[in-house]
Amino acid sequence: MKISKDAVRASRLLFRACFDASGRLHTSRVKRVVKLVGDKKPRNYMAILHSFQRLVRLELEKRTAIIESVTDLSGEMRERLRVDLQKKYGEDLTLNYFINPSLIGGMRVKVGSHVWDGSVRAKLQALGESLA
Amino acid sequence: MSSILQEIETEIAGLKTSVTKSNVGVVREIGDGVAKVEGLSDAMLNEMIEFPGGLFGLALNLEETEVGCVLLGSGENIKAGDEVKTTGRLLSVPVGKGLLGRVVNTLGEPLDGKGPIKADQFYPVEKIAPGIITRKSVSVPVQTGIMSIDAMIPIGRGQRELIIGDRATGKTTIAIDTIISQAKQNKAAEQGKLSGHKPIYCIYVSIGQKQSSVARTIKILEDAGAMEYTVIVNASASDSAVSQYLAPYAGCSIGEWFMDQGQDALIVFDDLSKQAVAYRQVSLVLKRPSGREAYPGDVFYLHSRLLERAARVNENYGGGSMTALPIVETQAGDVSAYIPTNVISITDGQIFLETDLFYQGIRPAISVGLSVSRVGSAAQTKAIKKVSGTTKLDLAQFRELQAFAQFGSDLDAATKQKLDRGARIVELFKQQQYQPKSLPIMVASLYAMQKGYFDNVPVDRIRECQGKLEEYLSTRKEALMDKLGNEKTLDNVETDLKTALEDFKASWK
């Protein structure tokens with residue numbers, strides 16, 4: 001759907017209002033915003049909500065680490081990862097684990113748009129590019 | 001053999017520990033050669049963005065949650081949801097002497113099927129122009145080999161001289177003639193016939209032209225033996241608007257390399273009006289606000305930052321130079337349109353070509369009144385300066401009187417003499433395309449005109465007489481011409497030249 005500039009601006013204002021002083025997104029505030037907008041139905045409310053949803057999604061992606069590995073990681077390994085990543089990105093980081101055999105070996109960690117790729121697939125690709 | 005094994009082992013050991021950190025994004029929408037990418041939080045402005053399948057894009061719009069990327073190729077295989085990543089590199093092109101004689105695209109990839117480019121270095125496409133500390137004023141001429149330009153609108157090394165005119169008035173021809181003339185001089189210097197000549201390497205950037213025209217240009221340069229000193233950067237009409245908009249900058253970087261090596265370069269942008277149109281397209285699809293004639297607000301900066309890179313650098317910084325000959329096409333001779341006025345104000349002068357003159361058979365169709373070179377006279381050689389001092393004035397007076405002379409035939413002797421001289425100068429300045437003249441030949445012809453050797457030749461036979469004179473001088477008076485070409489002044493050769501001209505006049509009928 002086409003989202004107007006005004007709707008984007010309004011959603012951005014609402015989104016900013018969901019943060020507290022320490023720069024953390026409050027789920028309760030987000031819920032309240034969605035409910036209020038849904039009830040009051042201001043002009044372009046659907047567009048505002050869609051845009052708002054996108055901003056929240058991007059923010060949540062930033063607070064979520066996606067960890068891909070070929071085999072299931074051991075508990076100790078997961079703990080080490082959690083400590084390291086939370087030290088870097090803050091306590092409220094959620095970690096999601098996935099199994100992805102196409103990596104061949106190693107691990108790939110993605111937080112927001114940052115990616116640490118230690119997989120065999122990435123190394124092979126890099127090797128291939130350097131030879132080409 | 002064992003060393004190779006060791007190398008492989010160290011490579012593998014290096015690979016083992018490496019974890020690559022990258023910044024990725026996801027393509028959200030794609031169309032018109034522009035991809036909107038979500039993520040890419042670390043992207044820099046003008047950074048190259050890697051798309052799947054070896055395609056690259058350029059981050060031109062950095063917004064709060066997304067990045068607007070223009071694709072430097074065809075984006076047919078890119079779909080929404082594809083993962084892209086930053087490269088940390090700015091767009092750069094290969095530079096070096098290995099490019100001479102080659103035809104490349106905006107990214108410096110070969111288009112001529114002559115194998116890979118052997119580059120000395122890579123230069124970023126966008127570079128800041130040399131500053132005031134490194135510069136020097138223009139003092140060495142670029143001999144274009146076109147008599148009317150070298151005599152009246154001289155161009156110096158490091159100058160920016162605009163070639164402007166309607167379609168089909170010979171703008172490209174002037175540029176090509178200049179390139180051929182440089183190649184001839186470079187060759188003569190290599191053979192030791194021209195002392196103290198610093199070679200000029202040429203870069204011809206074609207923007208938004210038909211492939212057939214570019215092919216023709218290449219053929220002309222090859223036939224003239226000029227390709228070995230020339231690099232052609234081609235962003236044809238079928239290439240993406242982004243390549244067309246970036247091609248001049250890529251060409252400029254190739255030229256800058258020569259300048260940085262202390263050598264001289266000449267770059268032709270053919271033409272900047274098409275580049276402005278390509279940039280307008282890119283800006284509009286990126287949803288940037290548009291201004292006059294729908295051009296974006298920074299269209300002036302687009303050309304000023306490009307042409308500012310043409311410079312003459314002083315000896316402490318290598319003493320190189322880059323001369324720019326931008327070409328701009330006007331519509332119905334209107335020099336007051338948006339892009340022409342912009343580029344006129346940026347450059348150090350312009351050569352204005354007129355359709356009327358062209359169809360009167362005055363070719364090159366240079367309008368003497370509107371053409372000017374603001375800095376070139378400082379670079380004119382002594383010999384040319386001496387023989388062409390009053391030419392521009394004579395021609396201007398001739399144009400003025402010509403209007404009056406149409407009304408009646410009762411003219412006083414002085415006026416008649418001025419009219420006669422003017423008509424002869426106009427004839428003398430007519431020149432075949434792709435046949436640039438050498439400096440001594442030009443000096444001799446202009447000297448003959450100045451001293452009245454052509455006065456008793458009928459106007460319609462001037463060109464014939466001039467042709468014969470050139471033939472006579474280049475075959476019978478070779479030593480004199482060589483001396484004139486090397487000394488570049490008339491002081492020691494004037495008497496010899498006089499006798500040669502008298503001998504010729506006695507034999508000509």
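Every chain is numbered from 1, with letters handed out A, B, ... down the list of sequences. All values derive from a computational prediction rather than experimental measurement.
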Trainee: Is there a side-chain contact between A:H114 and B:N23 in this structure, where contact means two heavy atoms from C-beta onward sitting under 4.5 Å apart?
Mentor: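 Counting from C-beta outward, A:H114 and B:N23 do come under 4.5 Å.
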Trainee: Rounded to the nearest 0.5 Å, what separates atom CZ in A:R57 from atom OG1 in B:T65?
Mentor: 9.5 Å
Trainee: Using a 6.0 Å cut-off, check whether atom CZ of A:R80 has over 12 heavy atoms from anything other than its own residue.
Mentor: no
Trainee: Would the number of heavy atoms belonging to other residues, nucleotides or ligands and lying under 6.0 Å from CZ of A:F19 be above 12?
Mentor: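 Result for CZ/A:F19: enclosed.
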Trainee: Take atom NZ of B:K127 as the centre, draw a 6.0 Å sphere, and report whether it contains more than 12 heavy atoms from other residues, nucleotides or ligands.
Mentor: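 Enclosed: over 12 neighbouring heavy atoms sit under 6.0 Å from NZ of B:K127.
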Trainee: Looking only at heavy atoms, which of residues 39-62 of chain B get nearer than 4.5 Å to chain A?
Mentor: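 So the qualifying residues are B:G39, B:L40, B:S41, B:D42, B:E50.
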Trainee: Any chance CZ of B:R292 has more than 12 other-residue heavy atoms, nucleotides or ligands included, within less than 6.0 Å?
Mentor: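 Result for CZ/B:R292: enclosed.
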Trainee: Salt bridge or not between A:R54 and B:E64? Use side-chain N to carboxylate O under 4.0 Å.
Mentor: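 No, this pair does not count.
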Trainee: Taking the basic N atoms (NZ, or NE/NH1/NH2) and the acidic carboxylate oxygens, is any pair closer than 4.0 Å for B:E83 and A:R108?
Mentor: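 Yes.
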Trainee: Side chain, backbone, both or neither: which part of A:K110 has an atom under 4.5 Å from a heavy atom of chain B?
Mentor: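 A:K110 touches chain B through side-chain heavy atoms alone.
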Trainee: Look up atom OG in A:S113 and atom NZ in B:K85, then write down how far apart they are to the nearest 0.5 Å.
Mentor: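 Rounded to the nearest 0.5 Å, the OG-NZ separation comes to 13.5 Å.
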Trainee: If you count heavy atoms of other groups shown closer than 6.0 angstrom to CD of B:E63, is the number above 12?
Mentor: yes
Trainee: In this structure, are over 12 heavy atoms from other groups packed under 6.0 Å from B:K114 atom NZ?
Mentor: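 Enclosed.
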Trainee: Is the number of heavy atoms from other residues, nucleotides or ligands under 6.0 Å of A:E79 CD greater than 12?
Mentor: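 Yes, CD of A:E79 has more than 12 neighbouring heavy atoms, counting only those of other groups under 6.0 Å.
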Trainee: Tell me every residue that passes side chain to side chain contact (heavy atoms under 4.5 Å, CB included) with B:T106, counting only those two or more places apart in sequence or in another chain.
Mentor: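 Expected list: B:A235, B:S243, B:L246, B:A247, B:A250.
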